[in-house]
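Below is one structure, written out as structure tokens, with a few remarks after it.
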2 protein chains.
Amino acid sequence: MPLNLNLDRPIFVQIIEHIENDIVTGKYNSGDKLPSVRDLAAEAGVNPNTMQKALSDLEQTGLVHSERTSGRFITEDENMIKDLRTALIDMEIEDFFNNMKRLGFDEEQIIQLVEQFANK
Amino acid sequence: MPLNLNLDRPIFVQIIEHIENDIVTGKYNSGDKLPSVRDLAAEAGVNPNTMQKALSDLEQTGLVHSERTSGRFITEDENMIKDLRTALIDMEIEDFFNNMKRLGFDEEQIIQLVEQFANK
DNA sequence: ACTACTGTACTAATCACTTAGTACAATAAT
DNA sequence: ATTATTGTACTAAGTGATTAGTACAGTAGT
């Protein structure tokens, strides 16, 4: 996967979000070993340094941890993954509502527009 | 308004989005004169250079135009404003659906979650 | 033992964004 | 006429993101 990179936001942030998404959606499972920094960088089409920055930042959240010379692994704490999933969903919906309100809609109108879009 | 600035995206991009929002929501009307670059910069709490970059970029979309020494004005083309409003709304909803699908939901579930959030 | 692979660390160079500061020409207001 | 305000242009400096390149220590597989 060449990874959808947006130039107006730091690449390492987008990588973090992408990996978080892969974890909460079960693409990676609790305890799974991640590909190496170099392989992930090659897959994503970015410099290994950029990938390492993304991973070491991600590590500080506890979501992944590295074994010095054997690889990097997803946390075994399944509750942490579940909580992150909930948090990401909440943020997504909340941001959407805020953005739509900024465009002049109230909650009732937002629901209408969403239903309308789904039945496009 | 001190302007909500997010450090992980270029400030001038956020300024552009903010002004676009003010235009499509009628905070600025067609033909209105904008405050000066310096005043807008002071209000937003950014450097005048940053504000000028935002405004001159915004100008290339035709949404605003500058009269060399008398000021900067919102377009008189009300259809352009209406079209931008529609485009921004569509993009917002589409992005939301894409992000939620990436989190593993289908359209039916998205609608449910949105209704649930509104009645929180 | 040897080889390949792992995460990690470091320097250097480049680029975009931001800020500070200064300056100029044209219009508006007085 | 004079003054203030307008958009615009320019240089210089600082910061952060990215890339390129190199290197090292520990582990796994052979």
Side-chain angles (χ1 to χ4, degrees), chain A residues 1-20 22-23 28-29 31-76, chain B residues 1-20 22-23 28-29 31-76:
Chain A
M1 61 193 96
L3 203 46
N4 255 8
L5 290 182
N6 190 333
L7 288 181
D8 73 25
R9 285 166 66 228
I11 293 179
F12 77 94
V13 173
Q14 301 179 53
I15 292 174
I16 291 176
E17 293 173 352
H18 191 267
I19 296 179
E20 282 180 343
D22 283 352
I23 294 176
Y28 290 130
N29 289 316
D32 275 2
K33 180 179 178 179
L34 282 169
S36 75
V37 175
R38 294 169 179 82
D39 285 351
L40 282 174
E43 282 180 26
V46 301
N47 190 279
N49 296 331
T50 304
M51 182 58 68
Q52 184 181 350
K53 177 171 175 58
L55 290 173
S56 65
D57 279 19
L58 190 53
E59 198 149 333
Q60 291 180 336
T61 69
L63 202 60
V64 303
H65 59 94
S66 66
E67 302 304 324
R68 186 66 171 80
T69 58
S70 62
R72 210 178 231 105
F73 301 86
I74 309 295
T75 180
E76 284 82 8
Chain B
M1 61 195 95
L3 203 45
N4 256 8
L5 291 182
N6 190 332
L7 288 182
D8 72 26
R9 285 166 65 229
I11 294 180
F12 78 93
V13 172
Q14 301 179 53
I15 292 175
I16 291 176
E17 293 173 351
H18 191 267
I19 296 178
E20 283 180 342
D22 283 352
I23 294 175
Y28 290 130
N29 290 315
D32 274 3
K33 180 180 178 179
L34 282 169
S36 74
V37 175
R38 293 168 179 81
D39 285 351
L40 282 173
E43 283 179 27
V46 301
N47 190 279
N49 296 331
T50 304
M51 182 59 67
Q52 184 181 350
K53 176 169 175 60
L55 291 173
S56 65
D57 279 19
L58 191 52
E59 198 148 332
Q60 292 181 335
T61 68
L63 202 59
V64 304
H65 59 96
S66 67
E67 302 303 323
R68 185 67 171 83
T69 59
S70 64
R72 208 178 233 106
F73 301 86
I74 309 294
T75 180
E76 284 83 7

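In what follows, chains are A, B, ... by sequence order, proteins preceding strands, each numbered from 1.
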Item checked: Nearest-angstrom distance from the residue atom CZ of B:Arg9 to C1' of D:dG16 -> 17 Å
Check: Taking NZ from A:Lys53 and P from C:dC10, how many angstroms apart are they, rounded to a whole number?
Finding: 14 Å
Checklist line | Length of the CG-P vector between A:Leu58 and C:dT8, whole Å | finding: 12 Å
Notebook entry, point to check: Looking at the side chain of B:Phe12, which of D:dA9, C:dC17, C:dT6 is the nearest nucleotide?
Noted result: C:dC17
Margin query: If I take atom CD in residue A:Gln14 and atom P in nucleotide D:dG16, what distance separates them, rounded to the nearest angstrom?
Written below: 19 Å
Item checked: Contacts of B:Glu17 that satisfy salt bridge (Lys or Arg N to Asp or Glu O under 4.0 Å) - sequence neighbours left out -> B:Arg9
Next item on the list: Name all residues meeting the side-chain contact (heavy atoms from CB on, under 4.5 Å) criterion together with B:Asn6; count only those two or more places apart in sequence or in a different chain, and write none if there are none.
Entry: B:Asp8, B:Gln14
Item checked: Nearest to side-chain heavy atoms of B:Ser66, which nucleotide of D:dT6, D:dT8, C:dA20 -> D:dT8
Next item on the list: I would like to know whether A:Leu63 and A:Ile19 meet side-chain contact (heavy atoms from CB on, under 4.5 Å); could you show each step before the answer?
Entry: CA-CA 10 Å; A:Leu63 202 60; A:Ile19 296 179; over 6 Å; no
Next item on the list: Starting at atom CD of B:Gln52, determine the distance to atom C1' of D:dA9, rounded to an integer number of angstrom.
Entry: 8 Å
Margin query: With a 4.0 Å limit, can you tell me whether A:Ser36 has a side-chain N or O closer than that to the phosphate oxygens OP1/OP2 of C:dT6?
Written below: yes
Check: Mind checking what makes side-chain contact (heavy atoms from CB on, under 4.5 Å) contact with A:Asn49, not counting sequence neighbours?
Finding: A:Asn47
Item checked: Non-hydrogen atoms of A:Ser70 and A:Phe73 that approach each other most closely -> OG-CE1, 4.1 Å
Next item on the list: Using a 4.0 Å heavy-atom cut-off, write out nucleotides 22-30 of chain C from 5' to 3' as B (base contacted by protein), S (sugar-phosphate only) or - (no contact).
Entry: -B--BS---
Checklist line | Candidates C:dG7, D:dT8, D:dA17 - which lies nearest the side chain of B:Arg72 | finding: D:dT8
Note to self: Distance check needed: D:dT6 C1' versus B:Met51 CE, whole Å only.
What the structure shows: 16 Å
Item checked: Length of the line joining A:Glu67:CD and C:dT8:P, which is rounded to integer Å -> 10 Å
Next item on the list: With sequence neighbours excluded, tell me which residues meet side-chain contact (heavy atoms from CB on, under 4.5 Å) with B:Thr69.
Entry: none
Next item on the list: Would you please name every residue forming a side-chain contact (heavy atoms from CB on, under 4.5 Å) with B:Gln52, sequence neighbours left out?
Entry: B:Val37
Next item on the list: Nearest whole angstrom, please: distance from the P of C:dG7 to the NE2 of A:His65.
Entry: 13 Å
